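Below is one structure, written out as structure tokens; comments come after it.
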Amino acid sequence: MLRTHTCGELNKEHIGQTATLCGWVDSIRDFGGVTFIDLRDRYGRTQVVFNPDARSEVIELASKLRNEHVIKVEGIVRQRPDGQFNHKLSTGEIEFVVNDLQVLNECKTPPFVPGQKDVPGEDLRLKHRYLDLRREKMLQTLQLRSRIIKTMRDYCADNDFIDIETPILGRSTPEGARDYLVPSRVFKGKFYALPQSPQIYKQIMMIAGYDRYIQVARCFRDEDLRADRQPEFTQLDLEMSFVDSDDVIGMIDGLMKRLAKDILGLDIQLPLPRLTYDEAMARYGHDAPDLRFGMQIVDCTEIARDCGFGVFKSTAESGNFVRGINASGAASKFSRKRIDELTAIVKDDFGAKGLAWFRCEEDGTLFSPVAKFFSEEHLAEIKSKMDAQPGDLLLFIADTWEVSCKSLYGIRKRMGAELELYDPSQMHFSWIVEFPMFEQVAESDQWSAMHHPFTAPRDQDLKDLDSDPGKTRAKAYDLIINGYEAGGGTIRIHDSGIQQKVFGLLGLDAESAQERFGFLLDALKYGAPPHGGIALGIDRVVMLFAGLDNIRDCIAFPKTQKAYDMMTEAPNLVEPIQLEDLGIKVSKTNANSSP
RNA sequence: GGCGCUGUAGCUCAAUUGGUCAGAGUCCCGGACUGUCGAUCCGGAGGUUGCGGGUUCGAGUCCCGUCAGCGUCGCCA
């Protein structure tokens, strides 16, 4: 080792000792005579002092030091003078007096310095990620990530889970997200697919008798990115045999309790609250609601049915819904202009036809541009149903169930943040359960799997599989943290007969099901135990535990919104010979898309 | 693919309604300074305002296109 200690290690216990430190120059304070340098590494910062009585070569060399040079210093640990302790540093009671200095490597003038107050633009950070990762915040987040994953692994190991790796080069399966494909050189014209998740492999492991499996698994989905979505991401993938929903949920409850305690020092109550899918949609308009605040959706369709406002009345009469939320105390904070902005959002983003609003005045009356279409009685009914108090703002969407859900969810989410209805550091864990097995494919009588085609229906719903597929509820559960889907799982079908039936409903005939999933269907016939599991989005969990608002900041080398790696410039062109080897001819290139 | 925000010095940002608006801090270069820890002080260098058109007497500012980053809808079993 070039060093005897790290930059976060020395303290008053070491006073008088000689030591050698290595690190990056974090800042320089040159007084002509004495010069101070903060030396930084992963572990901390140590103030390094160059005194005027040092050897002249050392002083000469020190005067040439610049930010981010990598140096090695030998010297003596000394207590700082009285009143000059730096309580922000773990090493703040001592300083390191240099006898000898060696510049291990210089640093070009960097585009930005890790210690600067203002965070540089994200494109610059991604291009020079090696500099960005030196920033304290990035270091903390990646350390937090490491601790979270370790806690997950420890917890699973304590519960007899076995960690098994599954292939990255797999087979493309229908449905789901777009696959990332890898061409085969040997089988020209054929492709591997990178796993969207290790779903099928872990089920096979159950059939093989490895009754508790986990994997910290990299997953790949070629879909458009979001703040909480990257093309490659990491899951804690977990599967158990001889279990039902409650067993898996209970196992994850325990994991969340341990994570909250070990990582955040929080005590959370178990069992975590559960909400059915139907309740979540009715109250919050979404299957991953942020439950840190109320502002629940209220259905006013019945009042609307016989009111004088044509939009409301016709909506109710056509079998659609008039629902609203009470933005408590928002009347003064939301000007006419801000309401217009909300209206634009629900129209543009969710296809709503409009946004009706009422303001509850000081005297308790409801003011609204459309109030004139309502009788006193109807206004009173609305006020009572919405529990409107003076200063409240009521917002209504009259539309289909789907549009009203999306719109009100969107508004609620925005208002909750803007009105500061919750403490951003608060953590709320919950489960959404009893998802529908199927959802109707738009404008057709075709069904698609809400989760995936191996999801088991609830036992009491088996009878509906033939008669009323839309009514069947699945043994599916999503873990929600602060309005984010942090994980989701299901109990799987372990009966090949039921599996065939579900495939049938999904429009997969026996032949094509056999063609695509034959190996799984076969395996199910060779003694498959009842089993189920879950996958947690580790990047999202880290994001939430770190209090961040995007997962790029919890990933060492993330990609941009176009799935581009600004540092390595991937994806990129390959040599013609490589394509030739693969038997691939590129017919269309996007010359405009740089670089 | 749609909608929106952003793009000005290496970096972070500023620049009334289109009119000495090319500016600050920091970084960089040179100098001063023996106790700072966001050191301080003096001096200097540094920009074709992302790119391409257009409107105008005049564009960083307005319009159109385009590129990039971000947010979002679609999409993500």
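By convention in this document, chain letters (A, B, ...) are assigned in the order of the sequence lines, proteins followed by strands, and residues within each chain are numbered from 1. These numbers come from a predicted model, not from an experiment.
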Ignoring backbone atoms, establish whether [X] has a side-chain N or O less than 4.0 Å from OP1 or OP2 of [N].
X	N	answer
A:Q196	B:rC76	no
A:R552	B:rG71	yes
A:T560	B:rG69	yes
A:R29	B:rA39	yes
A:R66	B:rC29	yes
A:K117	B:rG25	no

Which part of the nucleic acid, if any, lies within reach of A:T455 when heavy atoms closer than 4.0 Å are counted: base, sugar-phosphate only, or nothing?
->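 Nothing: the residue A:T455, judged by heavy atoms under 4.0 Å, touches no strand.
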Looking at every strand, decide which applies to A:D30 at a 4.0 Å heavy-atom threshold: base, sugar-phosphate, or nothing.
->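 Contact class for A:D30: base.
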Any donor-acceptor N/O pair, A:E95 side chain to A:V48 backbone, under 3.5 Å =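 Here the side-chain-to-backbone pair does not exist.
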Is [X] salt-bridged to [Y], cutoff N-O under 4.0 Å?
X	Y	answer
A:K64	A:E60	yes
A:R55	A:E57	yes
A:D278	A:R473	yes

Residue mapping more 5' on RNA chain B - nearest nucleotide basis, A:P453 or A:L126 =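 Checking each residue's closest nucleotide, the 5'-ward one belongs to A:L126.
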Mapping A:G33 and A:N86 onto RNA chain B by nearest heavy atom, which one lands closer to the 5' end?
->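 With A:G33 and A:N86 compared, the 5'-side residue is A:G33.
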At a cut-off of 3.5 Å, list every protein nitrogen or oxygen paired with a nitrogen or oxygen from nucleotides 49-51 of chain B, distance to 0.1 Å.
none

For RNA chain B, which residues in residues 473-491 of chain A have a heavy atom at a distance below 4.0 Å?
->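 Nucleic-acid contacts, sorted: none.
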Close approaches to RNA chain B from residues 334-347 of chain A, in residue order (heavy atom, under 4.0 Å) |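 When residues 334-347 of chain A is checked for heavy atoms under 4.0 Å from RNA chain B, there are no hits whatsoever.
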Which letters describe nucleotides 8-13 of chain B, given B = protein heavy atom under 4.0 Å from base, S = only from sugar-phosphate, - = neither?
-> --SSS-
What N/O pairs connect the protein and nucleotides 15-17 of chain B at under 3.5 Å? Give each pair on its own line.
none

What pairs of residues pass the side chain to side chain donor-acceptor pair (under 3.5 Å) test when at least one of them lies in residues 127-141 of chain A, not counting sequence neighbours?
->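 Sorted result for residues 127-141 of chain A: A:E68-A:R134, A:R125-A:D132, A:H128-A:Y130, A:R129-A:D132, A:D132-A:R135, A:E136-A:Q140.
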Applying side chain to side chain donor-acceptor pair (under 3.5 Å) between A:D237 and each of A:K202, A:Q199, A:Q215, report the one that passes.
->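 When side chain to side chain donor-acceptor pair (under 3.5 Å) is applied between A:D237 and each of A:K202, A:Q199, A:Q215, only A:K202 qualifies.
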Indicate, yes or no, whether a donor-acceptor pair under 3.5 Å links the base of B:rG71 to the side chain of A:N550.
->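 Side chain to base: no pair below 3.5 Å.
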